[in-house]
Amino acid sequence: MNSNLEAAGSAWATWRNRFARLSRVTVTPTGLMLLVVAYLLLTQNQSLARAVVGSLPKPFGWQEWRIALSALITTFNVLMLAMIALSWKPVQKPATCVLLVTAAVCSYFMDSFGTLIDKSMIMNVARTDFAEASDLMSGAFWTHVAVLGLLPAVVVWKVRLRRSGFWKEFRTRAALLMLVLTVQAAVLGLQYNELSFWGRENRSVAVLINPVSPINSAYSYLRRQYREHHAAPLLRIAGDATRAAVAGTRPLLVVMVVGETARAQNFQLDGYGRSTNPALSARRDLFNFSAVRSCGTATAESVPCMFSNLGQQRFSPRRAAEQENVLDVLHRLGVRVAWWDNDSGCQGVCSRVGSISIGEKNDPRFCTDGQCLDGALLSDLGDVTLKAEESMLLVLHMKGSHGPAYFKRYPESARRFTPDCRDENVQRCSLSEVVNAYDNSIVYTDSVLSDLIGQLDARSVSTDSVVLYVSDHGESLGEAGLYLHGIPYRLAPDQQTHVPMFLWLSAQASSRLKLDTHCLAQKTGQPTSHDAAFHTLMGLFSVRSKVYDPTLDLLSACQDAG
């Protein structure tokens, strides 16, 4: 024991002396800039290099080599411009250290999971809770950041800068700036047509310039947050909305379940070859919609979008935040609205109606270390009672299949497919192990949803009940080297945008809504999207308004208008 401590102490002393000697190393500010840019280019932009090479036809000809070289020079120039802007005496060292650590953090997710760190991803990160974030910050993450970020930052902090007078340094930077701009102009001018065409077809490549692009995305997000914070008063929608009278006095309970990271490709209900929906597939009273597209590829986009009347084409987080959503409209019309959350929050959707975090209850039957299985969402369902003629919308926001720690989303009883990946670093597991773990999470989701329907079915003697389930977005499980989600929508693979959705109604609810179930069953294969959620919820509560579009209501075409 003592010998181990002595060895550790000796090693620490050796490294401490080495770092101390760094303070005797002298470098010019321009030399430091060039060294840091070279380091960032060679070690922190591997995803960019792979994307450039992968975007070009094989085998490489002269034109492909020119485009690849142009991309390399452009990346160098972009990094140099950033370093020049931050090279002044008071900020050069601290700014460079921040850049190095930021680049290491970003390169871990870009290289390990194929993540594109654009504005949408920054927003998703900002709205992710600690429990979700902790799954991503594994030992491999901290090792990567320490070795490729903190260690170079310490080196930069220790070396001495040999500075000249202000005007001499100013002239040097001005000359360097002109050189960078001249080289870049030459690169673009010599093959503008080829580069402009390639750039239009591969817009996502620019998002991979690390760390300049992630920092720019973060700045854009913060600027947008500032504008939203100082935005105009909330815009009221559906001011003309009314609820049509419904015969009878039975209460109505609509439960909308917002799934998390479930992709249709792995849903048995949507044709998957594995038994991932054993309980739901056994039911004959489900209406499963098999051609559903998400609004976005991340929770922070999809959840506000599906509750908004804007639709995917007009949606933006800023516009959605500036106006009411369907929860506000229903609440204003006397519908009781509640949001129970087991994920990363309602993304602002429920800010005016309130929410309950299931994790705060820390039910020992479902919760461990601050994270709860989705079964906890149903633990208080029996306490929900409705008076005669009362209507309620209850939104259940699931943890679902949120990665990369898929194995944490299901209990042992749902561990149907083995061997399953038991590591947050899914890239360490084989593709089959990752798929097994993900499929097990879908099996557990199936169990929870089936239990929900069973409880509501048992209450059908007194309450009309409806369940609408839809996932917020899908997931990549290693296909084409991509993991997780959040790829810009225009580039996203089918696995991230094709999501499961189904509807269940008690027999009395179908009668109440004058629904032709045979008609609805025939329409379940028609293409639809998250845009349907707003209008379907309006229709379920018999709301009429100019903003209500019956063509987007999943049920309207199969209801008896008389």
Side-chain angles (χ1 to χ4, degrees), residues 120 123 127 224 227-228 231-244 252 254-259 289 292-339 345-355 391-395 397 466 468-473 489 497 499 501 503 513 523 526-557 559:
S120 297
M123 179 175 64
R127 297 182 179 182
R224 185 171 65 193
R227 289 200 305 262
E228 291 178 0
L234 188 72
L235 176 66
R236 187 176 188 179
I237 66 169
D240 63 332
T242 58
R243 290 186 65 195
L252 172 65
V254 176
V255 181
M256 180 169 178
V257 184
V258 179
F289 298 87
V292 183
R293 292 291 162 181
S294 65
C295 181
T297 60
T299 305
E301 284 186 323
S302 286
V303 170
C305 184
M306 71 173 72
F307 289 94
S308 167
N309 71 313
L310 293 170
Q312 186 189 36
Q313 294 301 315
R314 295 190 298 140
F315 174 81
S316 74
R318 179 183 179 184
R319 291 187 68 182
E322 291 174 347
Q323 67 171 51
E324 294 180 331
N325 56 63
V326 68
L327 270 61
D328 299 307
V329 175
L330 295 176
H331 180 68
R332 191 170 69 237
L333 294 176
V335 176
R336 188 171 149 198
V337 179
W339 185 292
C346 68
Q347 312 301 320
V349 174
C350 65
S351 59
R352 291 168 294 279
V353 298
S355 65
S391 298
M392 179 177 183
L393 171 62
L394 172 60
V395 183
H397 191 191
V466 179
L468 174 62
Y469 168 84
V470 62
S471 180
D472 59 352
H473 53 76
Y489 200 90
T497 62
V499 295
M501 180 167 73
L503 186 72
L513 296 167
K523 293 183 176 295
Q526 296 180 357
T528 186
S529 70
H530 277 168
D531 291 359
F534 176 95
H535 303 278
T536 301
L537 288 174
M538 294 275 277
L540 285 170
F541 289 99
S542 304
V543 177
R544 295 297 177 261
S545 167
K546 291 179 181 179
V547 301
Y548 167 72
D549 185 349
T551 64
L552 293 174
D553 183 345
L554 297 173
L555 307 182
S556 178
Q559 288 179 281

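- The closest side-chain donor-acceptor pair between R243 and S391 falls under 3.5 angstrom.
- Note that the SG atom of C350 and the CG atom of N325 stand 9.0 Å from one another [nearest 0.5 Å].
- Between L252 and F541 there is a side-chain heavy-atom pair separated by less than 4.5 Å.
- With a 4.5 Å cut-off on side-chain heavy atoms, L394 and M256 do not count as touching.
- Ion pairing of R352 with D328 is present here, as a side-chain N (NZ or NE/NH1/NH2) and a carboxylate O approach within less than 4.0 Å.
- Taking every heavy atom of both residues into account, A338 and M392 meet most closely at CB-CE, 3.7 Å.
- The distance from the CD atom of Q347 to the CE atom of M306 is 10.5 Å, given to the nearest 0.5 Å.
- With a 4.5 Å cut-off on side-chain heavy atoms, V258 and V303 count as touching.
- Side-chain contact check for L513 versus Q559: some heavy-atom pair is nearer than 4.5 Å.
- The OH atom of Y489 sits 4.5 Å away from the CD atom of Q312 when rounded to the nearest 0.5 Å.
- With S316 contributing its side chain and R319 its backbone, the two residues share a donor-acceptor pair below 3.5 Å.
- Atoms CH2 and CZ, on W339 and F307 in that order, are 4.0 Å from each other to the nearest 0.5 Å.
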With side chain to side chain contact (heavy atoms under 4.5 Å, CB included) as the criterion, how do F534 and V547 come out once you've worked through the C-alpha distance, each side chain's angles and the decisive distance to 0.1 Å? CA-CA 10 Å; F534 176 95; V547 301; 4.2 Å; yes
Please evaluate residues S545 and M538 with respect to the criterion side chain to side chain contact (heavy atoms under 4.5 Å, CB included), reporting the C-alpha separation (whole Å), side-chain torsions for both, the decisive distance (0.1 Å), and the verdict. CA-CA 9 Å; S545 167; M538 294 275 277; 4.2 Å; yes
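- Scanning all heavy atoms of the two residues, the minimum distance from S302 to T297 falls at OG-N, 4.2 Å.
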Go through the steps for L468 and V254 under the test side chain to side chain contact (heavy atoms under 4.5 Å, CB included), then give the verdict. CA-CA 8 Å; L468 174 62; V254 176; 5.6 Å; no
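- Although no hydrogens or angles enter the test, the distance criterion places no donor-acceptor pair under 3.5 Å between the side chain of S308 and the main chain of P304.
- Side-chain atoms of Y548 and D553 form a donor-acceptor pair, as typed in the model, at a separation below 3.5 Å.
- Not one N or O on the side chain of H530 forms a donor-acceptor pair closer than 3.5 Å with the backbone of S294.
- Residue E322 holds its CD atom at 8.5 Å from CG of L235, rounded to the nearest 0.5 Å.
- Between the side chains of D531 and Q313, no donor-acceptor pair of N or O atoms lies under 3.5 Å.
- Distance NE2/H535 to CG/L555: 13.5 Å, rounded to 0.5 Å.
- Taking 4.5 Å as the limit, some side-chain heavy atom of V349 sits within range of a side-chain heavy atom of L327.
- Residues L234 and A321 come closest through the heavy atom pair CD1-O, 3.7 Å.
- R236 is listed as a side-chain neighbour of R332, based on a closest heavy-atom distance under 4.5 Å.
- Taking every heavy atom of both residues into account, Y469 and G259 meet most closely at CE1-CA, 3.7 Å.
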Report the C-alpha separation of T242 and V543 in whole Å, then their side-chain angles, then the decisive distance to 0.1 Å, and conclude whether the side chain to side chain contact (heavy atoms under 4.5 Å, CB included) test is met. CA-CA 6 Å; T242 58; V543 177; over 6 Å; no
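- You'll find the side chain of R293 stays beyond 4.5 Å of the side chain of T528, heavy atoms only.
- Under the 3.5 Å distance criterion, with hydrogens and angles disregarded, a donor-acceptor pair is assigned to the side chains of T299 and D472.
- The shortest distance between side-chain heavy atoms of V326 and N309 does not fall below 4.5 Å.
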